[in-house]
Amino acid sequence: MIDPVPSKKSFSTNILDWYDLHARSLPWRSPPGVRPDPYHVWLSEIMLQQTTVATVGPYFEKFLKAWPTVHHMASAPLDDILTAWAGLGYYARARNLHKCAVVVSRDFGGVFPDDLPSLLSLPGIGPYTAAAIAAIAFDRSSTVVDGNIERIISRLYRINTPLPAAKKEITKKAAALTPEKRAGDYAQALMDIGAVICTPRRPNCGTCPAAHACAAFAKGDMEKYPVKAPKKVKPTRRALVFWLQLPDGRVLLRRRAETGLLGGMMEFPSTDWVEEAVEIEAALDSFFADERREFFGEITAGDLVRHTFTHFHLELQPVVVHVDEPGRPDLADGLWVRPADFGNYALPTLMTKVVRAVTDR
DNA sequence: AATTCGGGGAA
DNA sequence: TTCCCAGAATT
């Protein structure tokens, strides 16, 4: 029999019973009955923002080994954090991670706050992460709403309002189901269910502990939910990227602006990323002063690098330029690095693609 | 309310 | 290819 409005008690009891039997074992998850370290919970939750469990695993271990406590992390240079974060994406998370560590270490004596308003005041912690830390690390009864839980709730109630407009309604429905006790286990249970059972496509309703209460399951239109606003098409931007190499083999790196796309990360110099087609000779002339061209030796091209960001595609044409000396004034803001040492620098995946395209792996 | 932030795995 | 992922900050 379908219960279109599940009661809080029966619903959460079902979910928690399922969790006791089927909880996944994850690197940041403590054994049953053991309160996890809030530092670990915080670190994992920041990394897990818009990032899959499988991707986060190795990074979480690496960070914990490099910085065992929030004090260690707060004492580290931001560049070390960015270098360790390289490849994870959304680099504002790494910058805010460091900011947050400094605040917790300096202003909170290294102790993470357990209440929502204090958590929300910290850099990089928004509604989801604040609720998750409060519930998982401190056993507070807070309502956690991530992408998994949005999907579960929108199917339970067949919510036809498209996301993100439906966020408020979904949060309200979710709050009505949140138990007073074991809210952390309950939240993690729902996220496990979302990842393993209530999947975006072809959900495994046969094994779902909430199927009896699910309106979408009753109607058989689970995949229609959650309804989402249509997404925009991504334009393609293009540029030349320069592999400037000295006779001794060192290559020029420089640091990007502190904010914005790939903020604070290292890069190979490039022309502006534009939607128009790139004329190579004209781009070379605009990037290097004409009178400088005579100092360059042979110029060759690497394989085209394709990369997709959140809101545009990028095509970078690598240009290998052999440079006679490092002291050139127009290259003064860079850093000459041996490719063997690139691992010591905060190179985002886009730039490691450039390395591969030029060195032909 | 919309846009800006990466990158990878699954279908 | 397209979609989505334990979202937050900015405009």
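Proteins get letters first, then strands, A, B, ... in listed order; numbering begins at 1 in each. Not measured: the values here are computed from a predicted model. Quick note: numbers below take in every heavy atom, side chains included, and nothing from hydrogens, waters or symmetry partners.
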Whole-Å distance separating the CH2 atom of Trp273(A) from the C1' atom of dC5(B): 12 Å
Return the residues of residues 16-28 of chain A meeting this criterion: a heavy atom under 4.0 Å from some atom of DNA chain C. Order them by number, or give none. Arg24(A), Leu26(A), Trp28(A)
Pick base, sugar-phosphate or nothing for Gly87(A), based on heavy-atom distances below 4.0 Å to the nucleic acid. sugar-phosphate
Provide the distance between the two P atoms, one in dG8(B) and one in dA9(C), to the nearest whole Å. 24 Å
Are Phe11(A) and Ile149(A) linked, directly or through other ILVMFWY residues, by side chains that come within less than 4.5 angstrom of each other? yes
Atom pair distance, as rounded to whole Å: CZ in Phe312(A) and P in dG7(B): 10 Å
In whole Å, I'd like the distance from the CG atom of Leu262(A) to the P atom of dC5(B). 9 Å
Contact class for Ile125(A) vs. all strands (heavy atom < 4.0 Å): base, sugar-phosphate, or nothing? sugar-phosphate
Trp85(A) CH2 - dG7(B) P separation (whole Å): 13 Å
dG7(B) phosphate, OP1 or OP2, under 4.0 Å from Thr349(A) side-chain N/O: yes
When rounded to the nearest 0.5 angstrom, what distance separates CD in Gln188(A) from CD1 in Ile15(A)? 13.5 Å
Looking only at atom P, what distance separates dA8(C) and dG9(B), rounded to whole Å? 24 Å
Mapping Arg201(A) and Tyr91(A) to their closest nucleotides on DNA chain B, which lands nearer the 5' end? Tyr91(A)
Value in whole Å for how far the C1' atom of dG7(B) lies from CG of Leu347(A): 15 Å
What nucleic acid atoms does Gly260(A) come within less than 4.0 Å of, heavy atoms only: base, sugar-phosphate, or nothing? sugar-phosphate
Considering only atom P, compute the distance from dT4(B) to dA6(C) and round it to an integer number of Å. 24 Å
Interatomic distance, Leu48(A) CG vs dG6(B) P [rounded to whole Å]: 18 Å
Please figure out whether Arg151(A) or Gly124(A) has its closest DNA chain C nucleotide nearer the 5' end. Arg151(A)
Is there a chain of hydrophobic side chains (I, L, V, M, F, W, Y, each step under 4.5 Å between heavy atoms) that links Val227(A) to Tyr157(A)? no
Tell me the interatomic distance from Met265(A), atom CE, to dG6(B), atom P, rounded to whole angstroms. 9 Å
Mind checking whether Phe112(A) and Tyr39(A) have parallel, tilted or perpendicular rings, split at 30° and 60°? tilted
Could you check whether the side chain of Thr52(A) and the base of dG8(B) have a donor-acceptor pair of N or O atoms closer than 3.5 Å, going by distance alone? no
Show your reasoning for whether salt bridge (charged side-chain N to carboxylate O under 4.0 Å, His left out) applies to Arg182(A) and Asp139(A). CA-CA 6 Å; Arg182(A) 297 186 66 190; Asp139(A) 200 28; over 6 Å; no
Under 4.0 Å between any heavy atoms, over every strand shown, what does Arg95(A) touch: base, sugar-phosphate, or nothing? Just pick one. nothing
Starting from P on dG6(B), measure out to CG on Leu316(A) and report it in whole angstrom. 14 Å
For DNA chain C, which nucleotides open and close the run of contacts to chain A, 5' to 3', at under 4.0 angstrom from a non-hydrogen atom? dC3(C) to dA9(C)
When you group the ILVMFWY residues by side-chain heavy-atom contacts below 4.5 Å and let the links chain together, are Tyr225(A) and Leu163(A) in the same group? no
Within the structure, does a side-chain N or O atom of His307(A) lie under 4.0 Å from either OP1 or OP2 of dG7(B)? yes
Would a single hydrophobic cluster contain both Met191(A) and Leu177(A), if residues Ile, Leu, Val, Met, Phe, Trp and Tyr are joined by side-chain heavy-atom contacts under 4.5 Å? yes
With heavy atoms under 4.0 Å as the rule, sort Pro127(A) into base, sugar-phosphate or nothing. sugar-phosphate
Between the side chains of Arg255(A) and Asp79(A), is the shortest nitrogen-to-carboxylate-oxygen separation below 4.0 Å, so that they form an ion pair? yes
Glu150(A) side, atom CD; Leu190(A) side, atom CG - distance, nearest 0.5 Å: 13.0 Å
Roughly how far apart are Thr259(A) OG1 and Leu262(A) CG, rounded to 0.5 Å? 12.0 Å
Between Pro123(A) and Val53(A), which has a closest nucleotide on DNA chain C that is more 5'? Val53(A)
Between Lys219(A) and Asp221(A) (salt bridge meaning N to carboxylate O under 4.0 Å), is one present in this structure? no
With a 4.0 Å cut-off on heavy atoms, is Phe309(A) in touch with a base, just the backbone sugar-phosphate, or nothing at all? sugar-phosphate
Answer with base, sugar-phosphate or nothing: what part of the nucleic acid does Ser44(A) contact at a heavy-atom distance below 4.0 Å? nothing
Position toward the 5' end of DNA chain B (nearest nucleotide), Gln49(A) or Lys232(A): Lys232(A)
